[in-house]
Amino acid sequence: TRSSLAGKVPRIIHFTRPKVLPGGYGLPNLVWRLGLHSWYHLFPKSAGYQHWVWTDENLTACIESEFPEYLEEFSGSLGNIE
């Protein structure tokens with residue numbers, strides 16, 4: 001049941017997005033901006049959620065350090081987050 005899962009499932013929201021520049025620039029269009037806002041609104045930090053944002057740069061670094069055996073294949077398929 002839902003109540004039996006409370007406290008067992010981490011409140012971590014993982015999502016990808018293009019790199020955002022200072023001032024909020026870098027999200028390609030309104031759909032990205034509204035979508036990102038909805039994640040923060042529906043799963044707020046005040047309710048205990050963490051937001052793990054993956055960009056091309058930090059996702060590649062994660063694969064390199066945590067899953068080096070997959071780095072070559074991952075790097076070959078990297079097409080940038082759009």
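Bear in mind the structure is a predicted one, so any value in this text is a computation, not a measurement. When reading the values below, keep in mind they use all heavy atoms of this one structure, side chains included, and skip hydrogens, waters and symmetry mates.
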Are [X] and [Y] in one and the same hydrophobic cluster, where Ile, Leu, Val, Met, Phe, Trp and Tyr link if side-chain heavy atoms are under 4.5 Å apart?
X	Y	result
V53	L34	no
Y40	V31	no
L42	L36	yes

- Message: Would you compute the distance between atom CZ of F15 and atom OG1 of T55 and round it to the nearest 0.5 angstrom?
- Response: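 Output value for this atom pair is 11.5 Å.
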
- Task: Apply side-chain contact (heavy atoms from CB on, under 4.5 Å) to the pair L59 and F74, showing each step before the final yes or no.
- Result: CA-CA 10 Å; L59 187 54; F74 176 79; 3.8 Å; yes

- Message: Tell me if a side-chain donor or acceptor on S38 pairs with a main-chain N or O of G35 at a distance below 3.5 Å.
- Response: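 Judged by distance alone, yes, a pair lies under 3.5 Å.
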
- With no hydrogens and no angle check, is any side-chain donor or acceptor of R11 less than 3.5 Å from a backbone partner on A47?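 Side chain of R11 to backbone of A47: a pair is present.
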
- Apply the ring pair (Phe, Tyr, Trp, His ring centres under 6.0 Å) test between H14 and each candidate in W52, F43, W39; give the one that qualifies.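 Only match with H14 under ring pair (Phe, Tyr, Trp, His ring centres under 6.0 Å): W52.
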
Would you please name every residue forming a side-chain contact (heavy atoms from CB on, under 4.5 Å) with [X], sequence neighbours left out?
X	result
E64	L71
E66	C62
H37	H41

- Are H51 and K45 close enough, and set up right, to give a side-chain contact (heavy atoms from CB on, under 4.5 Å), and what steps lead you there? CA-CA 8 Å; H51 302 114; K45 289 182 179 182; 3.6 Å; yes

- Message: Is it true that, when you exclude E57 itself, more than 12 heavy atoms of the residues, nucleotides or ligands shown sit nearer than 6.0 Å to its CD?
- Response: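 More than 12 heavy atoms, drawn from other residues, nucleotides or ligands, come within 6.0 Å of this atom.
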
- Query: Within a reach of under 6.0 Å around CZ of F67, are more than 12 heavy atoms found that belong to other residues, nucleotides or ligands?
  - Reply: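 Atom CZ in F67 is not packed in, count stays at 12 or less.
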
